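Let me begin by presenting the structure, written as C-alpha cells, before commenting on it.
This structure is a prediction, so every number in the text was calculated from the model and none was measured. Each residue takes its place number in the sequence, starting with 1.
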Amino acid sequence: LILFLITLVAAFAQDSGNPLTNLPTEIRGALKGGLLVTYGINIVLTAISIPTALSKNLPVLFWAPKVLLLGGLAFDELNNAPVKPKGKKKK
C-alpha cells in the first residue's frame with residue numbers, strides 16, 4: 001500500500017524541489033501506464049472473484065477490495081480457500 005501511494009505521488013505530483021516528484025515526462029508516463037495496466041488487471045480479477053466468493057460462501061465485501069488492492073496474490077488465496085458451510089439458524 002505504501003509503494004502504491006509513493007508511485008501515485010511520483011506519477012502525478014510535480015515539485016521541482018523534491019527529487020521524488022522531479023521526474024522526466026517519460027518516466028511519469030511509464031509510471032502512469034504501469035498503474036493503468038496493473039489496476040486494469042486487478043479490476044478484471046475483482047470481477048471474477050465476486051462469483052467465486054459467493055460460490056464459496058465467503059464475504060464479498062472483504063474479498064473484492066482485497067483482490068482489487070493485492071491482485072493475483074489475493075485471487076489465488078481466494079481460489080484455494082475452502083468452501084465455508086452455510087450457517088444454520090438455531091431455534
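- Of all the heavy atoms in Ala53 and Val60, the pair that sits closest is CB-CG2, 4.0 Å.
- In the hydrophobic cluster analysis, where Ile, Leu, Val, Met, Phe, Trp and Tyr join through side-chain heavy atoms closer than 4.5 angstrom, Leu58 is grouped apart from Leu54.
- Considering all non-hydrogen atoms of both residues, Lys84 and Asn57 come closest at O-ND2, 2.9 Å.
- Here CH2 of Trp63 is found 9.5 Å from CG of Leu70. Values are rounded to the nearest 0.5 Å.
- Taking every heavy atom of both residues into account, Gly72 and Leu45 meet most closely at N-CD1, 3.7 Å.
- Formation of a donor-acceptor pair under 3.5 Å by the Asn22 side chain with backbone atoms of Asn18 is not found in this model.
- In the hydrophobic clustering of ILVMFWY residues, with side-chain heavy atoms under 4.5 Å counting as a link, Ile2 and Leu69 come out apart.
- The CG atom of Leu73 sits 11.5 Å away from the CG atom of Leu78 when rounded to the nearest 0.5 Å.
- In the hydrophobic clustering of this structure, Leu8 does not group with Leu3; members are Ile, Leu, Val, Met, Phe, Trp, Tyr whose side-chain heavy atoms approach within less than 4.5 Å, directly or through other members.
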Leu35/Phe4 under side-chain contact (heavy atoms from CB on, under 4.5 Å): CA gap, chis, key distance, verdict: CA-CA 9 Å; Leu35 285 171; Phe4 169 68; 4.1 Å; yes
Worked check of side-chain contact (heavy atoms from CB on, under 4.5 Å) between Gln14 and Thr21: CA-CA 5 Å; Gln14 191 167 2; Thr21 59; 5.6 Å; no
Full working for side-chain contact (heavy atoms from CB on, under 4.5 Å) between Leu23 and Leu31: CA-CA 10 Å; Leu23 299 172; Leu31 287 172; 4.1 Å; yes
Intermediate values then yes/no, side-chain contact (heavy atoms from CB on, under 4.5 Å), Val67 and Asn42: CA-CA 7 Å; Val67 172; Asn42 286 1; 5.9 Å; no
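- When all heavy atoms are compared, the tightest approach of Ala64 to Ile50 is CB-CG1, 4.4 Å.
- In this structure, Ala13 and Arg28 approach most closely via the heavy-atom pair O-NH1, 2.7 Å.
- In this structure, the separation between CD1 on Ile6 and CG on Leu1 is 10.0 Å, given to the nearest 0.5 Å.
- Phe75 CZ to Ile41 CD1: the interatomic distance, rounded to the nearest 0.5 Å, is 12.5 Å.
- Hydrophobic cluster membership is shared by Tyr39 and Leu5, with clusters built from Ile, Leu, Val, Met, Phe, Trp and Tyr side chains linked at under 4.5 angstrom.
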